[in-house]
Every structure is written in C-alpha cells, then in structure tokens.
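Report on the following structure.
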Amino acid sequence: MSIIINWLISSFAIVITAYLLPGIHLSGFKAALLTALALGLINAFIKPVLSLLTLPLTVMTLGLFSLVLNALLIMLTAKLVPGFQVQGFFWAVAFSVVLTITNWILSIFKQ
C-alpha cells in the first residue's frame, strides 16, 4: 500500500512541476502516472550504475554532475513515455530541481 501512495504522490508532484514549468508538457494524469513509474524504474535500475561510472566526474565537479545525470535520465524518460515531453536540457535540469522540491514538500504532508 505504501508503494502505491508514494507512486500517487510522485505523480501529483509531476503534475505540479509540469504546471509550473512551461518547457515541460504533460498530456494528463495518466501520462503523469506513467512518467512516475518510468522515472522510478530508471532511478532504481539505471541511475545507480551510471552514478558509479561517473563518480570521478561527480567528485571533480563537487556533485554538480549529478544534476546533469538527473537531467539526462529525465530526457530518457520523456523519450519513453508518451504524453510527457521536455523541450530541452535546461528544462530537464529545472524539472529535476523543482520535482525534488515538490516531492520534499508533499512528503512533509504525508507524515
């Protein structure tokens, strides 16, 4: 049950973030559900491998490369999920930052 609640919260955060950023387009809540699912799976399986491979670069940039990695994974998600579009790298970085803040705020209300 906890996984479903977290999935719905993430979907809601994606809707809010897409509403706030004009470079992010979401066709509806179904697309938000699919985006949350795809982003969760990508973050669970692909991101750890890429984080390990790019660790030296992340250390050299004092962690800023992790923003680049997040943006690239969001752009990958946009390619995989119909109804979710990102208009460029800058918007993917902005989406990553705003989504993190939105998820954090929503998680405070969940407790």
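Just the heavy atoms: all of them, side chains too, but no hydrogens, waters or symmetry mates, feed the values below.
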pair [X]-[Y]: side-chain heavy atoms closer than 4.5 Å:
{"X": "Ile101", "Y": "Ile105", "value": "yes"}
{"X": "Leu69", "Y": "Ser51", "value": "yes"}
{"X": "Leu33", "Y": "Leu37", "value": "no"}
{"X": "Leu50", "Y": "Leu72", "value": "no"}
{"X": "Ile24", "Y": "Thr17", "value": "no"}

Roughly how far, to the nearest 0.5 Å, is the [atom2] atom of [Y] from the [atom1] atom of [X]?
{"X": "Thr100", "Y": "Leu67", "atom1": "OG1", "atom2": "CG", "result": "8.5 Å"}
{"X": "Phe12", "Y": "Thr102", "atom1": "CZ", "atom2": "OG1", "result": "9.5 Å"}
{"X": "Leu41", "Y": "Ile46", "atom1": "CG", "atom2": "CD1", "result": "9.0 Å"}
{"X": "Ser10", "Y": "Leu99", "atom1": "OG", "atom2": "CG", "result": "7.0 Å"}
{"X": "Ser11", "Y": "Leu26", "atom1": "OG", "atom2": "CG", "result": "9.5 Å"}
{"X": "Gln85", "Y": "Met75", "atom1": "CD", "atom2": "CE", "result": "12.0 Å"}

Exercise: identify the closest heavy-atom pair between [X] and [Y]:
{"X": "Gln87", "Y": "Pro22", "value": "OE1-O, 4.3 Å"}
{"X": "Ala36", "Y": "Trp7", "value": "CB-CD1, 3.7 Å"}
{"X": "Ala13", "Y": "Asn103", "value": "CB-OD1, 3.3 Å"}
{"X": "Ile14", "Y": "Ala32", "value": "CD1-O, 4.1 Å"}

Open item on the list: Would you say that more than 12 heavy atoms from the other residues, nucleotides or ligands in this model lie under 6.0 Å from the CD1 of Ile108, or not?
Closed with: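 Check passes, neighbour count above 12.
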- [ ] Look at the side-chain heavy atoms of Ile, Leu, Val, Met, Phe, Trp and Tyr, link any pair under 4.5 Å apart, and say whether Phe29 and Leu34 land in one connected group.
- [x]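 Yes, because Phe29 and Leu34 connect within a single hydrophobic cluster, where side-chain heavy atoms sit under 4.5 Å apart.
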TODO: Group every Ile, Leu, Val, Met, Phe, Trp and Tyr by side-chain heavy-atom contacts under 4.5 Å, then state whether Leu73 and Val93 land in the same group.
DONE: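 They do not share one cluster, since no chain of ILVMFWY contacts under 4.5 Å joins Leu73 to Val93.
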Open item on the list: In this structure, is the centre-to-centre distance between the rings of Phe95 and Phe84 below 6.0 Å?
Closed with: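 Yes; Phe95 has its ring centre under 6.0 Å from that of Phe84.
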Open item on the list: Using a 3.5 Å distance criterion without hydrogens, assess whether the side chain of Ser27 forms a donor-acceptor pair with backbone atoms of Ala31.
Closed with: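 No: the side chain of Ser27 does not pair with the backbone of Ala31.
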